[in-house]
Amino acid sequence: MTTNQSWGGRFNQPMDEFVKTFGASVFFDKILAPYDIQGSVAHAKMLAEIGVLSAEEESKITAGLGKILDEIKADKFEWSPDLEDVHMNIEAKLVDMIGDAGKKLHTGRSRNDQVATDIRLYLRQQIDEIMNEIKHLQISLLYLAEAQVDTILPGFTHLQAAQPVSFGHHLMAYFEMLARDVQRLTDCRRRTNFMPLGAAALAGTNYPINRTRTAELLGFEGICNNSLDAVSDRDFAIEFLSAASIIMMHLSRFSEELILWSSAQFNFIELQDSVCTGSSIMPQKKNPDAAELVRGKSGRVYGNLTALLTIMKSQPLAYNKDNQEDKEPLFDTADTLKACLKVFADMVPAIQVNKKMMYKSAKKGHTTATDLADYLVKKGAAFRDAHAAVGKSVAYAIKQEKDLSELSLEELQKFDERIENDVVEILSLEGSISAKDHFGGTAPNQVKQAIQAARKTLK
Ligand code: ARG
């Protein structure tokens, strides 16, 4: 009869094959192997330092784990679902390789604090990689924004043409979102970077362990205060999933704009062929698939957040096997996020801007009407009166099938006699954006300064 060699002592019956497969996590948690080994090496070193392991045992363990890691990296390691998870696969192999010393590695430790440590180490690394990808995307945005400071497109509210804006300014809005995303991740990383090891199964351990030392060896900023919390808490992962969901929401909004802009109806941009696909039936089509996929994948990341919140919501303290379900949403989110950020960093430089179309479109919809109202206020009108007069002039322009900026001085003066020749500049797109000349405004010189300041934050 075979029972699990790690915990089979009190069992008389072998495990049902299907239940065994049902409970096994090795299929997906094997990606934790490098972190599991890193944690074990530090744990063994600490155990040797407090005299629980001999120096010889420790060096055998460390060497054995090193060989196992090499095998795993070379894809030569044989993973067995019979051994349930990544932790027991590695431990069993270590015992096979080095014998009795291997059996001592798990002293003063449980898989509960072990797995909690592994996922924190994993997540810390993922957050670093993700922040790096965000930085790449921010850099591509800066380059494009810099080249498009003087390009004018209609700014929208309610997807109705509202006021002209600099395209560089529009792009920098996404830079700002990403900058906050980095802040959120930095914050989440700080809370992730605490070490559960030492909590053992839930209550702590009877050995005189030195948790501070293990934490130092693993580069953790601190150690978890409470053993029950240490093994069962996954809120750091939920925080990550929520920061990831917000990033995906930002990328999805940007995707939506790229998709709209590259349609024949907008025609503001063309995405280079290298990031688009064709249609198998309609020969004329060039589809912005990558942007659509990012928009679609936001759903999957939100789903992962909901999954983990739900997994955690009714769990009594401390560890429950439910927690094993934290991994797939977590891994999937990190992979999805990295891929979406990468594809965006490719897509942004592939944006070819149709300045003429943007300009033409900004000319439609009387987008400088507010500038005219402000002009009248400067000439002494109250804003509400100015608003009403300009409203009438817009109605007139619509009747004439003209844009407000195309009305003659005589026509305009019918609505307010204070209007003079200098109104031409006021009603122009260039005049309109240059007038928003304050911190955070769309005036080209302000946008240039914003780009410069943004560049400094990346250094
Ligand atoms: N595979 C398990 C998980 O991911 C490891 C911890 C198992 N602990 C236990 N007491 N069964 O959560």
Side-chain angles (χ1 to χ4, degrees), residues 3-11 13-16 18-40 43 65 68 72 77 79-95 105-126 192 194-206 224 226-238 240-241 304 307-335:
T3 61
N4 188 297
Q5 68 185 73
S6 305
W7 46 250
R10 60 101 76 209
F11 285 76
Q13 273 183 343
M15 215 177 161
D16 177 277
F18 186 72
V19 174
K20 194 196 283 175
T21 312
F22 183 74
S25 55
V26 65
F27 315 105
F28 49 84
D29 69 14
K30 61 184 178 192
I31 74 157
L32 291 175
Y35 309 99
D36 196 67
I37 288 173
Q38 190 188 358
S40 291
H43 179 66
L65 288 172
I68 292 174
I72 293 171
F77 190 88
W79 298 101
S80 161
D82 285 347
L83 292 163
E84 214 176 305
D85 55 26
V86 60
H87 323 290
M88 294 203 287
N89 266 269
I90 292 174
E91 195 185 306
K93 176 76 183 185
L94 184 68
V95 174
L105 170 63
H106 211 53
T107 314
R109 182 177 81 169
S110 151
R111 272 185 299 152
N112 298 351
D113 59 346
Q114 186 178 355
V115 71
T117 303
D118 291 2
I119 56 174
R120 282 172 185 260
L121 289 171
Y122 161 86
L123 188 54
R124 190 174 78 179
Q125 170 69 25
Q126 295 304 312
T192 300
F194 275 73
M195 188 192 72
L197 271 181
L202 75 164
T205 164
N206 300 0
C224 299
N226 178 294
S227 63
L228 295 163
D229 179 48
V231 289
S232 63
D233 158 55
R234 295 292 182 269
D235 60 19
F236 63 92
I238 293 174
F240 168 72
L241 294 181
N304 290 339
L308 196 51
L309 282 167
T310 314
I311 288 162
M312 293 309 296
K313 77 178 271 288
S314 306
Q315 284 194 51
L317 287 175
Y319 176 87
N320 301 280
K321 185 79 165 180
D322 313 42
N323 279 2
Q324 182 165 289
E325 287 292 305
D326 63 357
K327 286 171 199 63
E328 286 164 294
L330 192 59
F331 302 161
D332 182 66
T333 299
D335 291 346

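One-based numbering along the sequence shown. Indexing begins at 1, ligand by ligand and atom by atom, following the structure's order. Note that the structure is a prediction, hence the values are computed from the model and not measured.
Applying the side chain to side chain donor-acceptor pair (under 3.5 Å) criterion to N320, with sequence neighbours excluded, gives Q315. For K327, there are no salt bridge (Lys or Arg N to Asp or Glu O under 4.0 Å) partners two or more places apart in sequence or in a different chain. Listed by chain and residue number, nothing satisfies the ring pair (Phe, Tyr, Trp, His ring centres under 6.0 Å) test with Y319 (two or more places apart in sequence, or in another chain).
Under 4.0 Å is where a charged nitrogen must lie from a carboxylate oxygen, and between R111 and E91 no such pair does. A salt bridge links D233 to R120: at least one charged side-chain nitrogen sits closer than 4.0 Å to a carboxylate oxygen.
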For ligand 1, list all ligand N or O to protein N or O distances below 3.5 Å, rounded to 0.1 Å.
from, atom 1, to, atom 2, distance (Å)
ligand 1, 1 (N), S25, OG, 3.3
ligand 1, 1 (N), D85, OD2, 3.0
ligand 1, 1 (N), Q324, OE1, 2.8
ligand 1, 4 (O), K327, NZ, 2.5
ligand 1, 8 (N), N112, OD1, 2.9
ligand 1, 10 (N), N112, OD1, 3.1
ligand 1, 12 (O), Y319, OH, 2.3

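Not a single donor-acceptor pair under 3.5 Å links the side chain of D335 to the backbone N or O of D332.
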